[in-house]
Amino acid sequence: MKTYKEIKRVEYEGKDSKNPFAFKYYNPEEVILGKKMKDHLKFAMSYWHTIDYCGVDMFGGPTENKDFGETDPIKIYEKKADFAFELMDKLQIEYYCFHDVDIAPFTDDLEESYKNFDHMIDYIEKLQKKYNKKLLWSTANNFGDKKFMAGAATSPNADVFALSALKVKKCLEADVRLGGTCYVLWGGREGYDTLLNTNMKLELDNLGKFMQMTRDYGRSIGFNGDFLLEPKPKEPTKHQYDFDSATCCNFIRTYGLMGDFKLNIEANHATLAGHTFEHELCTARVNDAFCSVDANQGDPLLGWDTDQFPTNVYDTTLAMLEVLRAGGFKNGGLNFDAKTRRQSNTLEDILLAYIAGMDSFALGLRVAVKLIEDGRLDEFVKNRYKSYESGIGKKIVEGTTDFKELADYAMKNKNVHVESGRQEYLESVINEVMFNLK
């Protein structure tokens, strides 16, 4: 097998290729439904998992080193950035995402930390131009430092709230400078472990105010993209305020943020909430809150956020069906919030993992398009709800009836018959289409 340095660029070779460093299904320039595949998928690299993650888990230390031979902190992060953009170029990935602490060394000295941060923004801006890459979104890590142990915007300490605002302010300014089209708020510790020490009403109101201030400052400095809230039900806190898509949509409405805030849906977070990936995407879509995706998958035998590269084509197919139904990605994209397994500890493994994930979503896109063109799923759903197209059903949809009329109608109706949902048949349609791809 070739080494990382020997691989210049990963190209599309088609499904019959046995080259491990080639795409089998992802052909970035291929036009599907009037749009290039790379624009349907808008793949992005996650800086934290790809560039900074070194194989650490809760039971063991690093299995790889990403200091790239340097010892000076700034030089280490410059080398990391060099590697990041070279990797994106090899993989034909156009976008990337980062937390503030991913790209620069942070210390307890805020002045020194933001001197480092500003230096790295300068450095990355040059790399963006050199490699013709784009920032999809940035975010502030307001959960890792011990000061955030009880939350950031929901902390019981107002000084922590102020520190959180500083970090978001600096990230928003960097986001605008680097041309990001989204800005993400993930409430890593915006929640609680016990109500015995929690004022939930104050915490929720403070989080709402924080998001309003985030929006207002972003708009004031020229950020015209989407602000994103990322749902997660638990971990690290037991009860998180951004539990799932429905909870987030309700929160956004409550605090007057609809239109400015949308959702960044992560597959593994969906399953932790007891939902499917496609359920969370559909919930966002029907609430006009769909924007972006953190692509990964969990392990059903493990009860935590494993952040594996997605390889389940049923999941990617049903996800891409929802993305297509939402009109595709606009400001958002498909960010691989995934890391190689601890035992996959070489630079070659990073390439292989991304190829697997990109091909899995490309295959999911291809199957989703075939299912739409086949038409049987959409036709079945349309027919299942046809009673709402005329008569009393049409009146219900149009809001032109009331309980009195409905009660009179029900009293006279002697034949109520609900048609079969035919779930097994519809699942077999997916298999039929998926395994008859040409």
Side-chain angles (χ1 to χ4, degrees), residues 4-10 28 38-39 42-54 65-107 109-141 166-184 217-218 221-226 228 292 331-337 347 350-351 354 358:
Y4 174 83
K5 288 185 177 179
E6 291 174 327
I7 299 155
K8 303 303 180 187
R9 190 175 175 87
V10 178
K38 67 179 184 178
D39 297 323
K42 289 185 68 177
F43 288 132
M45 179 206 71
S46 65
Y47 217 100
W48 54 100
H49 281 327
T50 304
I51 308 305
D52 293 327
Y53 174 72
C54 293
N65 185 300
K66 289 179 180 172
D67 290 346
F68 299 100
E70 300 290 345
T71 55
D72 177 75
I74 282 293
K75 291 295 182 185
I76 290 172
Y77 279 88
E78 287 178 349
K79 289 283 188 173
K80 285 175 181 282
D82 291 339
F83 172 67
F85 281 84
E86 177 192 80
L87 177 71
M88 285 189 279
D89 209 46
K90 285 179 187 277
L91 287 164
Q92 301 191 56
I93 289 177
E94 295 186 352
Y95 300 88
Y96 68 104
C97 306
F98 69 83
H99 303 78
D100 51 0
V101 300
D102 298 334
I103 64 167
F106 274 67
T107 70
D109 185 329
L110 282 174
E111 187 173 343
E112 178 187 19
S113 294
Y114 282 111
K115 181 180 177 181
N116 294 338
F117 182 73
D118 291 340
H119 170 81
M120 286 307 303
I121 293 299
D122 291 341
Y123 196 86
I124 286 173
E125 186 176 37
K126 292 174 183 175
L127 288 173
Q128 273 196 181
K129 293 175 182 175
K130 176 182 177 181
Y131 287 95
N132 192 28
K133 304 302 178 186
K134 304 168 189 174
L135 176 65
L136 188 68
W137 53 256
S138 70
T139 185
N141 181 324
L166 167 65
K167 284 167 65 66
V168 170
K169 176 179 180 291
K170 290 291 291 184
C171 253
L172 273 170
E173 290 163 356
D175 206 286
V176 170
R177 181 173 169 186
L178 295 174
T181 52
C182 296
Y183 183 82
V184 169
Y217 185 71
I221 62 171
F223 178 73
N224 298 315
D226 290 319
L228 304 182
S292 204
N331 285 332
L334 203 155
N335 170 54
F336 284 105
D337 187 6
L347 297 184
I350 296 175
L351 284 174
Y354 268 93
M358 293 166 76

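In this structure, CD1 in Ile103 is found 7.0 Å from OH in Tyr47, a value given to the nearest 0.5 Å.
When side chains are defined from C-beta on, Met358 does not count as touching Gln92, because their heavy atoms never get closer than 4.5 Å. By the 4.5 Å heavy-atom criterion applied to side chains, Asp89 and Lys133 are counted as neighbours. You'll find the side chain of Met120 reaches within 4.5 Å of the side chain of Glu78, heavy atoms only.
The ring pair (Phe, Tyr, Trp, His ring centres under 6.0 Å) test with Phe336 singles out one residue from Tyr53, Phe43, Trp48, Tyr95, and that residue is Phe43.
Residues Asp100 and Lys170 are not paired through a salt bridge, judged by the lack of any N-O separation under 4.0 Å between the basic side chain and the carboxylate. Salt-bridge annotation for Glu94 and Lys38: present, with a side-chain N of the basic residue lying under 4.0 Å from a carboxylate O of the acidic one. Residues Lys115 and Glu111 are not paired through a salt bridge, judged by the lack of any N-O separation under 4.0 Å between the basic side chain and the carboxylate.
Ring geometry for Tyr114 against Phe117 counts as perpendicular: the plane angle is over 60°, on a 0 to 90° scale with 30° as the lower cut.
For the pair Lys80 and Tyr77, the cation-pi criterion (under 6.0 Å, within 45° of the ring axis) is fulfilled. Geometrically, Lys134 does not engage Tyr96 in a cation-pi contact defined by less than 6.0 Å to the ring centre and at most 45° from the axis. Judged by the 6.0 Å distance and 45° axis criteria, Lys126 is not positioned over the aromatic ring of Phe85.
Checked against the 6.0 Å centroid criterion, the rings of Phe68 and Phe83 qualify as a close aromatic pair.
Counting heavy atoms of neighbouring residues, nucleotides and ligands inside a 6.0 Å radius, atom NZ of Lys79 does not exceed 12 of them.
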